J.: 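First the structure, which I've put down as structure tokens, then a few questions once you've had a look.
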Amino acid sequence: MVADRDHRNKPRLAVIGTGIAGLSAAYLLKDKYRVTVFESQARAGMGAHSVDYVSNGITRRIDIPLRIFCHGYYDNLLALYQHIGVEILTSDHAGVFSDEAGRIILHYGNSDWGPGRFPRPKGRSWTSPVAWTIGLQSRRFFARARRDIARTDLAQLSFGEYLDQSGAGRLFVDHVLLPMMSVTCTCDYQAVRDYPADLMLEYLTCGVHEIGIMSAAKGVDDIVPRMLTDVELRTNSPVASIEPAKAQLRLVTGAGEDQCFDQVVVAAQAHQAAAMLSGFDDRRALLNRIPFEKSTMSVHTDPDILPAPADGLSPVSYHVPQGSSRAEVSVNLTKAIPRLSGQETVFQTWNPMRRIAPNRELARVDFTRPTVTRDSRKAVLALREQQTRAGNRLWLCGSYMAEKIPLLEAAVDSSVTVARQLGATIPWSGSITAAD
Ligand SMILES: Cc1cc2nc3c(=O)[nH]c(=O)nc-3n(C[C@H](O)[C@H](O)[C@H](O)COP(=O)(O)OP(=O)(O)OC[C@H]3O[C@@H](n4cnc5c(N)ncnc54)[C@H](O)[C@@H]3O)c2cc1C
């Protein structure tokens, strides 16, 4: 009873959005506040698009998208997952790159060797001059990037300007690097080139290619409930507006219900957050300076989308037609995720350009995702500065709010920052990198 009364006496806090930013904010703030979480979709956002896949008499749940991460870049995410007990496994993400005619340009696998892994050519790439040239250009690029990361002028350069200045080899840049970063950032090559150079180099030199990729062993359904304990979750509850109401903030949902909260954490994407704000003109203007791109993900069992012969290919297949604005990238989920073994092969294809047999498609989902430019970064700094002002009650978090590529890590980093500003103790404090 006492615990119940204590809980009711806590200040009320709303979290809007249940991507990883909203989930981690709710988790970190639940001890200090009475937390209500609003999500516009029918299920918590991180798992909103998961599908059941039945094959060979086995049913497995597939996350859309598969979310991968690595040591060296994901300090907060890894600390959070470790803290809440999420089991993690390594996942093979070696790749094969093909052109518009389906001809393989480069095919590599990963070999474990000493402290890390190193890519080695596979199949015909052993004897292909193009593949060896790309390998050489890649080595030169990474060696230079590791030196250049210390440069103080990188933040003033776009990644495209950096690539042009550094004389990086065209074969490697056009056929490998831009396709890889277009799927990592789920955007056009031009948007990759527009990223600030320091953000791109920080990611590319973190060791992602040497240390290996990881994923949550049991998927999103194992993660979400761990972060929603002791909070009230309201799904199918899109927030239509947030406005000041004396010493509180009033939230109005799409169904016209309104409630007042002492603090509100908006963990939706920047353009979604801007659409909710009423009476916060300066923040809306700043949020509208953050660009975003749309893309599509298909989960299917159509092997015809891979270069032939499909057997023996590395798990990630990049289709890179000349003149296209982004790559089409398929992951063989059965190879990348051990828990899917025993079933018919299933793929996720980002940006499907070619036809996927409709009877082989399990799901097709449209996503939006922020990108970063030198201008959007200034807008984010101004938004972060506003959150340090005395009496602030409106908090923005999400992958766009950190000084990083908008990946899972940036989202958790932003929640850690907001939770600290709201007086929460970060359980893994000491190992975090978030800047307050
Ligand atoms: C195809 C794809 C693949 C990706 N793969 C990876 C990967 O492998 N590794 C990685 O690190 N990152 C990956 N990312 C990026 C990662 O998904 C994002 O960084 C992460 O989802 C950002 O989390 P977030 O909480 O900031 O935003 P979101 O995940 O976008 O969550 C925002 C939430 O707010 C909800 N919402 C919006 N408006 C309202 C409203 N009005 N009322 C209530 N709720 C609302 C939304 O429904 C959503 O649930 C990928 C992204 C995409 C698109």
Side-chain angles (χ1 to χ4, degrees), residues 14-26 36-49 63-70 73-74 76-78 81 91 93 182-187 203 206 208 213-216 220 223-224 227 233-242 251-255 264-277 290 292-299 316 326 329 331 333 336-337 348-352 363-372 396-402 404-415 418:
V15 173
I16 302 164
T18 52
I20 187 85
L23 291 171
S24 48
T36 308
V37 182
F38 293 84
E39 170 54 55
S40 56
Q41 305 184 76
R43 282 196 304 234
M46 219 184 160
H49 305 294
D63 295 345
I64 306 177
L66 164 68
R67 294 168 180 89
I68 53 171
F69 42 89
C70 62
Y73 197 74
Y74 286 84
N76 287 285
L77 182 83
L78 285 164
Y81 279 2
S91 144
H93 262 63
S182 85
V183 67
T184 302
C185 304
T186 56
C187 62
Y203 177 80
C206 78
V208 55
I213 297 292
M214 298 181 288
S215 61
V220 164
I223 300 170
V224 172
M227 286 199 272
L233 171 63
R234 299 189 51 187
T235 49
N236 289 317
S237 297
V239 171
S241 73
I242 305 166
L251 246 73
V252 182
T253 66
V264 173
V265 177
V266 184
Q269 292 180 26
H271 63 289
Q272 298 163 337
M276 286 175 224
L277 299 188
I290 294 154
F292 63 94
E293 293 219 352
K294 297 179 182 173
S295 61
T296 300
M297 179 73 89
S298 168
V299 171
V316 188
R326 43 174 85 165
V329 184
V331 180
L333 295 175
I337 313 176
Q348 74 164 36
T349 297
W350 175 72
N351 188 37
R364 185 172 277 245
V365 183
D366 295 328
F367 291 96
T368 56
R369 168 115 176 256
T371 66
V372 186
L396 299 168
C397 66
S399 62
Y400 68 94
M401 279 295 281
K404 284 188 169 286
I405 294 177
L407 290 159
L408 297 170
E409 171 62 17
V412 182
D413 182 319
S414 74
S415 306
V418 163

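These numbers come from a predicted model, not from an experiment. Atoms within each ligand, like the ligands themselves, are counted from 1 in listed order.
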J.: Return yes or no for this condition: an N or O of Ser399 is under 3.5 Å from an N or O of ligand 1.
T.: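 Yes.
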J.: When you look for heavy atoms under 4.0 Å from ligand 1, do you find them on the side chain of Ile68, its backbone, both, or neither?
T.: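 Answer for Ile68: both.
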J.: Identify, for atom 24 (P) of ligand 1, the protein heavy atom at the shortest distance, and state residue, atom and that distance.
T.: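 Answer for atom 24 (P) of ligand 1: Ala21 CB, 4.0 Å.
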J.: Check if Phe69 has a non-hydrogen atom at a distance under 4.0 Å from any atom of ligand 1.
T.: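 Flag not set, Phe69 not near ligand 1.
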J.: Between Thr18 and Gln41, does a side chain to side chain contact (heavy atoms under 4.5 Å, CB included) hold up when you go through it step by step?
T.: CA-CA 9 Å; Thr18 52; Gln41 305 184 76; over 6 Å; no
J.: Which residue owns the protein heavy atom closest to atom 50 (C) of ligand 1, what's the atom, and how far is it?
T.: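 Ranking protein heavy atoms by distance from atom 50 (C) of ligand 1, first comes Arg369 NH1, 3.6 Å.
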J.: Is any side-chain heavy atom of Val329 closer than 4.5 Å to a side-chain heavy atom of Asn351?
T.: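 No, side chains not in contact.
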J.: Just to confirm my output: which protein heavy-atom neighbour is closest to atom 36 (N) of ligand 1, and how far is it?
T.: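 Heavy-atom neighbour on the protein nearest atom 36 (N) of ligand 1: Ser40 OG, 3.8 Å.
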J.: Could any protein non-hydrogen atom be found less than 4.0 Å from atom 9 (N) of ligand 1?
T.: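 It does; a protein heavy atom is within 4.0 Å.
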J.: Any atom of ligand 1 sitting under 4.0 Å from a heavy atom of Tyr400?
T.: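 No heavy atom of Tyr400 comes that close to ligand 1.
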J.: Return the residue, atom name and 0.1 Å-rounded distance of the protein heavy atom closest to atom 23 (O) of ligand 1.
T.: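 The answer is Ile20 CG2, 3.7 Å.
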J.: Measuring from the heavy atoms of Leu66, does anything fall under 4.0 Å of ligand 1?
T.: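 Yes; Leu66 lies near enough to ligand 1 that a heavy-atom distance drops under 4.0 Å.
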J.: What I'd like to find out is whether the side chain of Met214 reaches to under 4.5 Å of the side chain of Tyr74, using heavy atoms alone.
T.: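 Result no, sub-4.5 Å side-chain heavy-atom pair not found.
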J.: What residue and heavy atom of the protein are closest to atom 27 (O) of ligand 1, and at what distance?
T.: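 Closest protein heavy atom to atom 27 (O) of ligand 1: Gln269 CG, 4.3 Å.
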J.: Closer than 4.0 Å to some heavy atom of Gly398 - which atoms of ligand 1 meet that?
T.: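 With Gly398 as reference, the close atoms of ligand 1 come out as 26 (O).
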J.: May I ask you to test the Thr186-Arg326 pair for a side-chain heavy-atom distance under 4.5 Å?
T.: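 No, their side chains stay 4.5 Å or more apart.
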J.: For atom 29 (O) of ligand 1, which of Pro406, Gly47, Gly19 has the closest heavy atom?
T.: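 Among Pro406, Gly47, Gly19, the closest heavy atom to atom 29 (O) of ligand 1 belongs to Gly19.
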J.: For ligand 1, indicate whether the residue Glu39 contacts it via side chain, backbone, both or neither (heavy-atom separation under 4.0 Å).
T.: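 The answer is both.
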J.: Could you please spell out the steps behind the side chain to side chain contact (heavy atoms under 4.5 Å, CB included) verdict for Cys397 and Val265?
T.: CA-CA 7 Å; Cys397 66; Val265 177; 3.6 Å; yes
J.: Are any of the N/O atoms in Ser295 less than 3.5 Å from those in ligand 1?
T.: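 It does not: no N or O of Ser295 is found under 3.5 Å from an N or O of ligand 1.
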J.: Report the member of Val239, Asn351, Thr186 with the shortest heavy-atom distance to atom 52 (C) of ligand 1.
T.: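 Checking each option, the heavy atom nearest atom 52 (C) of ligand 1 is found in Thr186.
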J.: Start with the C-alpha gap between Glu409 and Phe69, add the side-chain angles, then the distance that decides, and say whether side chain to side chain contact (heavy atoms under 4.5 Å, CB included) holds.
T.: CA-CA 8 Å; Glu409 171 62 17; Phe69 42 89; over 6 Å; no
J.: Relative to atom 40 (C) of ligand 1, which among Lys404, Gln272, Met401, Met276 owns the nearest non-hydrogen atom?
T.: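 Shortest heavy-atom distance from atom 40 (C) of ligand 1: Met276.
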J.: For Met276, which of Leu251, Val264, Ile242, Val252 qualifies under side chain to side chain contact (heavy atoms under 4.5 Å, CB included)?
T.: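 Looking at Leu251, Val264, Ile242, Val252, the match for Met276 under the side chain to side chain contact (heavy atoms under 4.5 Å, CB included) is Ile242.
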J.: Is it the side chain, the backbone, both or neither of Phe38 that has a heavy atom closer than 4.0 Å to ligand 1?
T.: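 Backbone only.
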J.: Fit a plane to each ring of Phe292 and His271, take the angle between them on a 0 to 90° scale, and name the class: parallel (under 30°), tilted (30 to 60°) or perpendicular (over 60°).
T.: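 Rings of Phe292 and His271: parallel, under 30°.
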J.: Starting from atom 16 (C) of ligand 1, which protein heavy atom do you reach first, and at what distance in Å?
T.: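 Answer for atom 16 (C) of ligand 1: Leu408 CD2, 4.1 Å.
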J.: Could you list the residues that satisfy side chain to side chain contact (heavy atoms under 4.5 Å, CB included) with Arg67, not counting sequence neighbours?
T.: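 Expected list: Met46, Asp63, Pro65, Val220, Leu408.
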J.: Any idea which of Pro65, Ala14, Cys397 brings a heavy atom closest to atom 4 (C) of ligand 1?
T.: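 Closest candidate by heavy-atom distance is Pro65.
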